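Chain letters run A, B, ... following the sequence lines, proteins first, then strands; residues in each count from 1. Just so it is clear, the structure is predicted and the values come from calculations on it, not from any experiment.
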Amino acid sequence: MQELFQNEIDVKKQNIFQSEVEIIGDFDLKKIENSGEVFRFNEVGNGIFCTIAFGRVLYIRKKFNQTDHAIYEISCSKQEFMDIWYDYFDLSTDYEKIRNMISKEDKFLYNAAEYSKGVRILIQDPWEMIVSFVISQRKNIPAIKKAVETLCECAGNLIDKDKKIYSFPTPEQMYNMSEEDWNKCALGYRTKYLKTIVEQFYYKEITIASLQELDDDKLYNKLLDLYGVGPKVASCIMLFGFHRLNSFPKDVWILRILEEQYNNNFDLDKYSPYNGVIQQYMFYGSLELGRKV
DNA sequence: GACCAGGTGTCCG
DNA sequence: CGGACACCTGGT
């Protein structure tokens with residue numbers, strides 16, 4: 001907390017914002033932060049959000065609202081925003097259109113989607129998603145975030161010397177981690193999963209490029225083959241790393257909703273090809289049912 | 001100090 | 001194949 005506060009002061013001092021962009025449609029930074037899909041995305045104070053991805057850091061803050069769009073201050077050039085962050089935030093997908101597919105008859109889902117308005121499915125680095133979601137198992141979100149940051153500090157590149165921000169390590173960087181590094185990360189039984197996966201990617205027995213070519217079913221099965229990756233983690237990797245919007249991760253919260261709200265009769269394929277977006281609305285809606293952020 | 005956290009591998013019927 | 005059970009560690 002102290003570090004974040006320090007970070008905020010630094011941001012102000014350096015007047016970090018460089019340009020402005022207009023963003024149209026569903027877009028809520030706080031909701032994205034709490035949507036559970038991203039682990040290096042944090043509010044650092046005063047409405048300023050910081051996210052680290054693709055070896056870059058972005059600071060972004062809403063400046064003001066117009067009726068159908070909003071203006072955001074950003075720490076990069078407009079050009080970089082269009083080249084990198086436009087896709088990251090999935091700004092070419094019309095989430096309002098997806099929300100409008102939900103019938104009012106389904107009261108729970110309709111309310112959940114209203115409540116979640118502004119959540120988007122970020123397009124994140126597939127490798128980072130594989131590693132992060134293997135780490136995520138049987139951890140709460142603060143613990144996941146901490147573990148990911150420690151891993152980045154151990155093996156990533158220093159991309160901001162002042163604020164000590166590190167990039168997410170590549171398979172090569174993780175392959176070269178010492179035993180001491182692994183111990184520092186304190187990943188417990190997940191370490192052996194990651195070591196195995198890292199080795200496969202290091203020796204190019206599997207590549208991200210080859211995975212990207214696969215259709216949903218084949219990709220799912222290929223991910224399941226990875227040591228330490230089960231159905232839930234594979235679905236998350238597909239949704240958040242490969243942007244397979246039909247992938248429907250079922251964690252404890254979703255299972256609870258499917259049982260309590262739908263008596264286990266929810267048609268998981270009803271909103272194809274956007275079942276994963278619907279899942280995300282349900283998951284964010286679980287905040288109202290007692291899930292903690 | 002328990003108890004549990006966005007699960008998965010393993011073993012057993 | 002479905003159901004138990006152990007599992008590292010840290011947060012509440």
Side-chain angles (χ1 to χ4, degrees), chain A residues 1-4 31-42 112 115-116 119-122 124 126 128-154 174 177 179-200 219-242 244-245 247-262 264 266 268 275-293:
Chain A
M1 226 37 183
Q2 192 59 39
E3 278 177 41
L4 293 182
K31 290 183 187 176
I32 291 169
E33 178 193 358
N34 292 333
S35 68
E37 69 191 51
V38 57
F39 303 114
R40 307 195 75 195
F41 190 113
N42 295 104
Y115 181 68
S116 311
V119 168
R120 310 180 74 86
I121 310 287
L122 301 186
Q124 302 181 69
E128 180 172 339
M129 292 300 98
I130 290 171
V131 175
S132 298
F133 279 100
V134 167
I135 290 174
S136 79
Q137 58 188 262
R138 288 206 60 83
K139 277 182 179 294
N140 54 28
I141 298 204
I144 300 167
K145 286 186 169 183
K146 196 189 161 207
V148 168
E149 285 313 309
T150 308
L151 173 64
C152 293
E153 285 164 24
C154 278
M174 287 181 69
M177 282 170 69
E179 212 47 44
E180 201 183 322
D181 289 333
W182 285 107
N183 289 336
K184 210 187 299 174
C185 291
L187 297 170
Y189 61 86
R190 302 163 193 82
T191 300
K192 63 179 184 293
Y193 301 155
L194 289 179
K195 281 183 174 174
T196 307
I197 294 171
V198 163
E199 217 166 278
Q200 288 174 295
L219 175 58
Y220 181 69
N221 286 314
K222 206 76 183 166
L223 290 172
L224 275 187
D225 284 344
L226 297 175
Y227 190 36
V229 173
K232 192 278 181 176
V233 167
S235 308
C236 284
I237 295 167
M238 286 181 66
L239 185 57
F240 307 128
F242 291 86
R244 304 300 171 96
L245 292 184
S247 177
F248 196 106
K250 281 177 262 182
D251 60 38
V252 290
W253 289 102
I254 293 294
L255 289 174
R256 193 175 298 177
I257 288 168
L258 294 180
E259 191 190 336
E260 289 174 5
Q261 305 293 329
Y262 296 96
N264 287 329
F266 184 82
L268 291 174
N275 293 309
V277 180
I278 297 301
Q279 181 275 354
Q280 204 58 3
Y281 289 148
M282 279 186 184
F283 182 75
Y284 189 83
S286 70
L287 273 177
E288 283 195 313
L289 301 177
R291 178 174 70 87
K292 304 214 167 43
V293 286

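Atom CD1 in A/I141 sits about 19 Å away from atom P in B/dC4, given to the nearest Å. Summarising the geometry, the separation between CG on A/L258 and P on B/dG6 is reported as 17 Å, rounded to the nearest angstrom. Computed from coordinates, the A/K250 NZ to B/dG7 P distance equals 14 Å when rounded to whole Å. The CG atom of A/L194 sits 14 Å away from the C1' atom of B/dG7 (whole-angstrom rounding).
When heavy atoms are screened at a 4.0 angstrom cut-off, A/I254 is found touching no nucleic acid atom at all. Within 4.0 Å of A/L226, counting heavy atoms only, lie sugar-phosphate atoms of the nucleic acid but no base atom. A/Y227 comes within 4.0 angstrom of sugar-phosphate atoms only, judged by non-hydrogen atoms across all strands, and of no base.
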- Task: Check the pair A/N42 / A/E33 against side-chain contact (heavy atoms from CB on, under 4.5 Å), numbers first and verdict last.
- Result: CA-CA 6 Å; A/N42 295 104; A/E33 178 193 358; 4.0 Å; yes

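Going from atom CD of A/E149 over to atom CZ of A/R40 covers 4.0 Å, rounded to the nearest 0.5 Å. Atom CD in A/E37 sits 7.5 Å away from atom CG in A/L239 (nearest 0.5 Å). One distance of note links OG of A/S132 with CZ of A/F39; it measures 6.0 Å at 0.5 Å rounding.
Looking at A/K192 and A/Y227, their side chains come closer than 4.5 Å, going by heavy atoms from C-beta outward. A heavy-atom distance below 4.5 Å is found between the side chains of A/Y115 and A/L287.
Across A/L224 and A/G230, no two heavy atoms sit closer than the pair CD2-C, 3.3 Å.
Remark: A/F242 pairs with no residue by the ring pair (Phe, Tyr, Trp, His ring centres under 6.0 Å) rule, at least two apart or across chains. Legend: residues meeting salt bridge (charged side-chain N to carboxylate O under 4.0 Å, His left out) with A/E180, ordered by chain and number and at least two apart, are absent.
Annotation for A/K222: atom NZ does not count as buried by contact number, only 12 or fewer foreign heavy atoms lying within 6.0 Å.
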- Encode nucleotides 7-12 of chain C as B, S and - characters from 5' to 3', where the letter depends on protein heavy atoms closer than 4.0 Å: B to the base, S only to sugar-phosphate, - to neither. BBSSS-

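Annotation: of the two residues near DNA chain B, A/G230 and A/R256, the 5′-most nearest-nucleotide partner is A/R256.
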Output side-chain donor-acceptor pairs under 3.5 Å for residues 137-147 of chain A, partner residues at least two apart or in another chain, one line each.
unit_1	atom_1	unit_2	atom_2	d
A/Q137	NE2	A/V134	O	3.3
A/Q137	NE2	A/G228	O	3.1
A/N140	OD1	A/A143	N	3.1

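Residues from residues 31-38 of chain A placing a heavy atom under 4.0 Å of any atom in DNA chain B, listed by number, are A/S35, A/G36, A/E37.
The base of B/dG6 sits within donor-acceptor range of the side chain of A/K232, with an N or O pair under 3.5 Å.
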- Item | Pair pattern of DNA chain B in dot-bracket, where unpaired bases get dots and | marks partners in another strand, Watson-Crick or G-U under 3.5 angstrom | .||||.|||||||

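Rounded to whole Å, the P atom of B/dC11 lies 14 Å from the corresponding atom of C/dC8. Nucleotides C/dC5 and B/dG6 have their P atoms positioned 23 Å apart, rounded to a whole Å.
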